[in-house]
Amino acid sequence: MTDRIAFTGLGNMGGPMAANLVKAGFAVTGFDLSEASRRQAAEKGVRLAASAEEAAAEASVVVTMLPAGKHVISVWGSLTSVARPGTLMIDCSTIDVDSARKAHALAASQRLHSLDAPVSGGTGGAAAGTLTFMVGGTSEAFGKAGAILSAMGKKIVHCGDPGAGQAAKICNNMILGISMAAVSEAFVLAEKLGLSHQALYDVASTSSGQCWSLTSYCPVPGPVPTSPANNEYRPGFAAALMLKDLRLSQEAASASGAQTPLGAHATALYEAFDNSGHGSQDFSAIIQHIRDLTA
Ligand code: NAD
């Protein structure tokens, strides 16, 4: 029998992810608080429910894609009490490790299987079905999720026990925030030294400075035509979301006792950028902030 999937949180990421599940042949019932998100999902073949609970009560798999930990805890609190025993619960939101573990505990208390499965790849990857999933949870739960995660992504990594997916996501995005700041600083220094953007790109992209922030999301227009810098820094991946992930990394660092001085510095840079009203720009626009510091 085909799994019936209940999908809650049909926003920028969840909407296209649910659409890919429909495309793969799953029966998907969805819910979102926003009328616009519900309408867009319905246009892609998602059957709408009157509430998240109504969708979950008849599903064998429940997927959530929500803004933050408090939303996940609140939604999982009610969904785990209506889901049938044996249901697989998958949260794909990016949230703090503690909330992820609490969500797993809610599921375990009702004899449900559960996974934290945050994603990398942005709205483009969500639409194309090419997301990377970083998954935490038991091997048994992971074993049940293969077909579902494969319908939405192309790389699926079982990172370990409950919470390990969120831990991987936070570590990865701390690298990303730091590396974007580093690449931006290098371009600002090059400008001061009279070195062209293209020359720095041609050297660094084939040298030891090579990284994703340079070769996929180059923060200056020109060298990488598809990067948001060529499109007035429209996201892409918004600076406010980068700040959210960097803050999660710093909460996790202080809770675990890890020292992450560059992570702390990147968080401060993105906080200042967000405070000056630029949170909705792509995170590569941090180069503007670094130029302003220089000026
Ligand atoms: P979004 O704001 O577009 O979507 C979130 C949706 O959740 C909204 O439509 C909102 O109405 C809905 N929602 C909130 N509370 C709800 C509730 N109680 N019941 C039902 N629906 C509810 O956000 P997004 O960009 O889709 O991001 C979702 C998650 O994915 C976040 O945790 C984000 O950090 C993560 N993420 C985003 C990206 C990205 O590029 N946008 C990339 C990777 C991960």
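First listed ligand is number 1; within each ligand, the first listed atom is number 1. Just so you know, these numbers come straight off a predicted model, no measurement behind them.
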Note: V135 and F142 closest approach over all heavy atoms is CG1-CD1, 3.7 Å

Q: Return yes if a side-chain donor-acceptor contact under 3.5 Å exists between Q110 and S81, otherwise no.
A: no

In this structure, atom 33 (C) of ligand 1 is nearest to the protein heavy atom K244 NZ, 3.8 Å

For E58, is there an ion pair with R47 - N to carboxylate O distance below 4.0 angstrom? yes

Near S37 (heavy-atom distance under 4.0 Å), the atoms of ligand 1 are 9 (O)

key: More than 12 heavy atoms from other groups under 6.0 Å of CZ on R111   = no

The closest protein heavy-atom partner of atom 39 (C) of ligand 1 is M13 SD, 3.6 Å

CZ of F31 to CZ of R38, rounded to nearest 0.5 Å, is 6.0 Å

For S93, the ligand 1 atoms with a heavy-atom partner under 4.0 Å come out as 32 (O)

Inspect the surroundings of CD in E35 and state if more than 12 heavy atoms from other residues, nucleotides or ligands are less than 6.0 Å away. yes

Legend entry - Verify atom 2 (O) of ligand 1: protein non-hydrogen atom under 4.0 angstrom away: no

*Is the F187-Y201 ring centre distance short of 6.0 angstrom?*
no

In F237, F283, Y233, the residue satisfying ring-ring contact (aromatic ring centres under 6.0 Å, His included) with Y217 is F283

Ranked by distance from atom 28 (C) of ligand 1, the top protein heavy atom is L66 O, 3.8 Å

min-distance protein heavy atom vs atom 40 (O) of ligand 1 -> G122 CA, 3.6 Å

(Q) If you scan the protein for heavy atoms around atom 23 (O) of ligand 1, do you find one that is closer than 4.0 Å? (A) no

Per-atom filter on ligand 1: closer than 4.0 angstrom to a heavy atom of F237 are 40 (O)

Taking only non-hydrogen atoms of T8 and a 4.0 Å limit, the atoms of ligand 1 in range are 19 (N), 20 (C)

Under 3.5 Å between any N/O of N12 and any N/O of ligand 1: does that happen in this structure? yes

When you compare the side chains of E271 and N275, does any donor N or O come within less than 3.5 Å of an acceptor on the partner? no

shortest atom 35 (C) of ligand 1-to-protein heavy-atom contact is with T94 OG1, 3.6 Å

Ranked by distance from atom 43 (C) of ligand 1, the top protein heavy atom is V119 O, 3.6 Å

Logged contact type for I95 with ligand 1, heavy-atom cut-off 4.0 Å, is neither

Is it true that, when you exclude K244 itself, more than 12 heavy atoms of the residues, nucleotides or ligands shown sit nearer than 6.0 Å to its NZ?
yes

Filtering L33, D32, L131, D91 for the heavy atom nearest atom 12 (C) of ligand 1 leaves D32

Residue pair S179 / W212, side-chain donor-acceptor N/O under 3.5 Å | no

for atom 18 (N) of ligand 1, nearest protein heavy atom and its distance come out as V75 CG2, 3.5 Å

Is the closest heavy atom of P67 to ligand 1 under 4.0 Å? yes

among protein heavy atoms, the one nearest atom 30 (O) of ligand 1 is M65 CE, 3.2 Å

